[in-house]
Enquirer: 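Okay, here's the structure, questions in a sec.
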Amino acid sequence: MLRGEGDGAGAEIREALAALTLELCAIPSVTGDEAACTAWIAARLAKNPQITVEQVGLTLLARGPVGAADGRARPLVLLAGHTDTVPLKSSDGGVVDGRFLPPPSREPGPQGDRLRGLGASDMKGGLAVMLLLGERLDLRALPYDVGFVYYDREEGPWRESGLGPALEAAPWLRGAALAFCLEPSDNVVQVGCVGSMHATVTFLGRSAHSARPWQGVNAIHAAGALLTALGARAPTEVICGGHRFREVMSATLASGGTGRNVIPDRFTVNLNWRFAPGKSLDAAEAELRAFVASNSAGAAFEMVFTDRSPSGRVVTDNALLQRFLALTGAAVTAKQAWTDVARLGLAGIDAVNLGPGISAQAHQAGEYAEAGLLAGGYRQFALFLTDADA
C-alpha cells in the first residue's frame with residue numbers, strides 16, 4: 001500500500017481503473033483502425049494540465065514536467081503501451097455503429113471484478129494504468145521525469161509499428177534511463193524478448209491428373225520431410241542473463257492445390273522462428289535457411305523472408321530496474337514472446353515488459369482482465385515513481 005493510501009483510496013483507484021478499461025475496450029481499435037481510440041486518449045490527455053502532448057501519426061507522446069521543482073535534472077522513465085488489438089473473434093459478437101455488440105462486461109472474479117472485452121488484457125488495462133498514473137501522481141514532485149507513449153500498429157508487421165517513427169521524431173525518448181512496455185505479464189517483470197522471423201517456403205512440383213500421379217510431382221508430398229522435422233524438433237533452451245529462453249520453429253500457415261483431382265504443383269508453408277536474445281537477425285536467418293535446406297530431402301523449393309524482428313536485450317543490471325525490484329518485490333522471468341522491448345533496445349533504451357494484463361488471456365476469445373491485477377500494477381508503478389529515497 002502506498003504512503004497515505006487507505007482502503008477507501010485503494011478501492012477508488014480499483015474502480016477508476018476498471019471503468020477506464022471498460023471504456024477503452026468499448027472502442028474498436030483493431031490494427032490499422034486505431035484512430036478512434038487515439039482520439040479518445042488524446043481528449044483525455046488534453047484535460048491533464050501536468051503534461052504536454054505531441055502526436056506522430058497515430059502515436060501520442062505525453063510528457064510530464066522536465067526537471068525537478070528546484071531545477072535538478074531527473075532520470076527519464078518511459079511507460080509504453082499500444083492502442084491496437086487483434087481482430088474480434090466470431091464468438092465475441094460484432095461491431096455495430098462503431099461499438100461492440102455485446103458491449104464489454106463486468107462480472108465477479110477471483111481477483112476483483114473480471115473485465116471482459118477485446119484487448120482488456122492486451123493491453124487496454126495497461127493503457128488505463130498509464131492514464132491514471134499521469135492523472136493521479138504529482139509529476140513535478142517525483143524523483144523521475146516521466147513519459148507516456150501510446151502507439152499504434154504493434155500487433156502488425158515490425159515495419160509498420162507506430163513506435164518506430166515516434167522514436168525518430170522525438171529524440172528525447174532516447175534519453176530514457178528505463179522503459180516499461182506494459183504488455184500483459186500478470187505484474188511480473190519479464191526481461192528481454194525472443195526475436196521473431198517469418199519465412200514463406202514454397203515447394204515446387206508438376207501438376208498432373210490425380211489418377212496418374214506418376215506423371216507429375218506432388219508439391220505437398222515434397223514438403224513432408226520438412227514438416228516431419230519440424231514436428232520432431234524439440235525447443236532449444238538458451239540462458240541469457242540468468243533467464244531461460246526457448247528457441248522454437250513452427251509451421252503456422254499452409255496452402256496448396258487447385259482441385260481435388262489435380263496433383264498440386266505448388267505448396268506453401270509459413271515458418272515462424274523464435275530465437276533467443278544475443279542472436280543477430282542475420283545469424284537467425286542463416287540458421288533457418290540451413291534447417292530448411294537440410295530437411296527438404298532434395299525437393300525443389302523457394303524461400304522468401306517476409307518479416308524479421310530482432311530479439312530484445314536482457315537488462316537486469318540496470319540500476320533503476322534493480323531499484324524497482326527492491327521496492328516492489330516483483331518476480332522476474334524471461335519474455336517468451338516478441339515485444340517492443342527489442343525496438344527500444346535498438347534505440348539504446350533499456351526496457352522490460354511489465355503489465356497488469358493476464359498473459360494467458362492475450363489474443364483469446366472472451367478476453368478479460370482482473371480489476372485486482374490492474375490495481376496491483378498501478379501500485380507497483382506508483383511505489384517506484386514516488387520513491388522518496390531515489
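Scope of the values below: all heavy atoms of this structure, side chains included, with no hydrogens, waters or symmetry mates. Heads up: numbering here begins at 1 and tracks the sequence.
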Enquirer: Under the 3.5 angstrom rule, does the side chain of Arg153 hit a backbone N or O of Thr83 as a donor-acceptor pair?
Expert: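 Checked: no pair found.
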Enquirer: Between Ser185 and Gly355 (side chain of the first, backbone of the second, donor and acceptor by atom type, cut-off under 3.5 Å), is there such a pair?
Expert: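 Such a contact is found between Ser185 side chain and Gly355 backbone.
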Enquirer: Decide if the gap between the ring center of Phe180 and the ring center of Phe324 is smaller than 6.0 angstrom.
Expert: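 Yes, the ring of Phe180 comes within the 6.0 Å limit of the ring of Phe324, centre to centre.
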Enquirer: Sub-3.5 Å donor-acceptor pair from the side chain of Gln50 to the main-chain atoms of Leu137, do we have one?
Expert: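 At least one qualifying donor-acceptor pair exists.
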Enquirer: Using modelled atom types and a 3.5 Å cut-off, is there a donor and acceptor pairing between side-chain atoms of Arg74 and backbone atoms of Leu142?
Expert: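 Yes.
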Enquirer: Under 6.0 Å from the six-membered ring centre of Phe291 and within 45° of its axis: does the NZ or CZ of Arg233 meet both?
Expert: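 The answer is yes, since Arg233 meets both limits relative to Phe291.
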Enquirer: Over all heavy atoms of both residues, which pair between Ala169 and Pro171 is shortest? Give the atoms and the distance, please.
Expert: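 That would be O-CD, 3.4 Å.
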Enquirer: Check for a donor-acceptor pair, side chain of Asp186 on one end and backbone N or O of Val188 on the other, with a separation under 3.5 Å.
Expert: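 Such a contact is absent between Asp186 side chain and Val188 backbone.
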Enquirer: Looking only at non-hydrogen atoms, find the nearest pair between Ser121 and Ile358 and report the distance.
Expert: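 Smallest interatomic distance, heavy atoms only, reads OG-N, 2.9 Å.
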Enquirer: Restricting to ring-ring contact (aromatic ring centres under 6.0 Å, His included), what partner residues turn up for Tyr144, sequence neighbours left out?
Expert: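 In terms of ring-ring contact (aromatic ring centres under 6.0 Å, His included), with neighbours along the sequence ignored, Tyr144 is linked to Phe384.
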Enquirer: Is a salt bridge present between Lys335 and Glu183, judged by a nitrogen-to-oxygen distance below 4.0 Å?
Expert: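 Salt bridge flag = no for Glu183 with Lys335.
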Enquirer: Students often mix this up, so state it plainly: with edges at 30° and 60°, are the rings of Phe301 and Phe203 parallel, tilted or perpendicular?
Expert: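 Ring orientation, 0 to 90° scale: tilted.
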Enquirer: Salt bridge between Arg63 and Asp145, side-chain N to carboxylate O under 4.0 Å?
Expert: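 So Arg63 does not pair with Asp145 through a salt bridge.
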Enquirer: Restricting to non-hydrogen atoms, name the atom on Ala62 and the atom on Ile51 that form the minimum distance, rounded to 0.1 Å.
Expert: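 That would be CB-CD1, 3.8 Å.
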Enquirer: List the steps and the verdict of side-chain hydrogen bond (donor to acceptor under 3.5 Å, both in side chains) for Ser255 and Thr268.
Expert: CA-CA 5 Å; Ser255 63; Thr268 298; 4.7 Å; no
Enquirer: Return yes if some donor-acceptor pair links the side-chain N/O of Ser210 with the main-chain N/O of Asn261 below 3.5 Å, else return no.
Expert: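 Answer holds: yes.
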Enquirer: Assign the ring pair Phe275 / Trp273 to parallel, tilted or perpendicular, where the plane angle (0 to 90°) is split at 30° and 60°.
Expert: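 Tilted, since the angle between the ring planes falls between 30° and 60°.
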Enquirer: Measure from the side-chain N and O atoms of Gln336 to the backbone N and O of Arg246, and report whether any donor-acceptor pair falls under 3.5 Å.
Expert: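 Such a contact is found between Gln336 side chain and Arg246 backbone.
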Enquirer: Is it true that Arg308 and Glu285 have a side-chain N and a carboxylate O under 4.0 angstrom from each other?
Expert: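 The answer is yes: the pair qualifies as a salt bridge.
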Enquirer: Going by heavy atoms in the side chains, are Pro235 and Val248 under 4.5 Å from each other?
Expert: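 Yes - at least one pair of side-chain heavy atoms lies under 4.5 Å apart.
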Enquirer: Looking at Arg116 and Glu107, does any basic side-chain N land under 4.0 Å from a carboxylate oxygen?
Expert: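 Yes, Arg116 and Glu107 are salt-bridged.
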Enquirer: With side chain to side chain contact (heavy atoms under 4.5 Å, CB included) as the criterion, how do Asn270 and His198 come out once you've worked through the C-alpha distance, each side chain's angles and the decisive distance to 0.1 Å?
Expert: CA-CA 7 Å; Asn270 184 84; His198 290 269; 3.2 Å; yes
Enquirer: Are any side-chain N or O atoms of Asp84 and backbone N or O atoms of Asp152, one a donor and one an acceptor, separated by less than 3.5 Å?
Expert: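 No, because the side chain of Asp84 does not come within donor-acceptor range (under 3.5 Å) of the backbone of Asp152.
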Enquirer: Minimum heavy-atom separation for Pro143 and Pro75, please, with both atom names.
Expert: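 Minimum heavy-atom separation between Pro143 and Pro75: O-CD, 3.6 Å.
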Enquirer: Donor-acceptor check, side chain of Asp92 to backbone of Gly366, threshold 3.5 angstrom: yes or no?
Expert: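 It does hold such a pair.
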Enquirer: Is the closest basic N to carboxylate O distance between Asp265 and Arg206 below 4.0 Å?
Expert: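 Looking at Asp265 and Arg206, the cut-off is not met.
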Enquirer: Quick one: ring pair (Phe, Tyr, Trp, His ring centres under 6.0 Å) pairs with a partner in residues 342-363, sequence neighbours left out?
Expert: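 As it turns out, there is no ring pair (Phe, Tyr, Trp, His ring centres under 6.0 Å) pair with a partner in residues 342-363 once direct neighbours are skipped.
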Enquirer: What's the separation between atom OH in Tyr368 and atom OG1 in Thr21, rounded to the nearest 0.5 Å?
Expert: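 Output value for this atom pair is 15.0 Å.
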Enquirer: Against His82, only a single residue in Asp122, Thr339, Thr31 fulfils side-chain hydrogen bond (donor to acceptor under 3.5 Å, both in side chains); can you say which?
Expert: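 Checked Asp122, Thr339, Thr31 against His82; only one passes side-chain hydrogen bond (donor to acceptor under 3.5 Å, both in side chains): Asp122.
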Enquirer: Between Glu168 and Arg343, is there a side-chain N and carboxylate O pair less than 4.0 Å apart?
Expert: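 Arg343 and Glu168: not salt-bridged.
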Enquirer: Verify, without hydrogens or angle tests, whether Asn272 (side chain) and Met197 (backbone) share a donor-acceptor contact under 3.5 angstrom.
Expert: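 Yes, the answer is positive, given that a donor and an acceptor are paired below the 3.5 Å cut-off.
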Enquirer: What I want to find out is whether Glu247 reaches Lys279 closely enough, with some N-O distance under 4.0 Å, to be called a salt bridge.
Expert: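 Yes, Glu247 and Lys279 are salt-bridged.
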Enquirer: Could you tell me which residues satisfy side chain to side chain contact (heavy atoms under 4.5 Å, CB included) with Ser250, sequence neighbours excluded, listed by chain and number?
Expert: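 With neighbours one apart ignored, the set is Thr252.
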Enquirer: Would you find more than 12 non-hydrogen atoms of other residues, nucleotides or ligands less than 6.0 Å from Arg159 atom CZ?
Expert: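 Result for CZ/Arg159: open.
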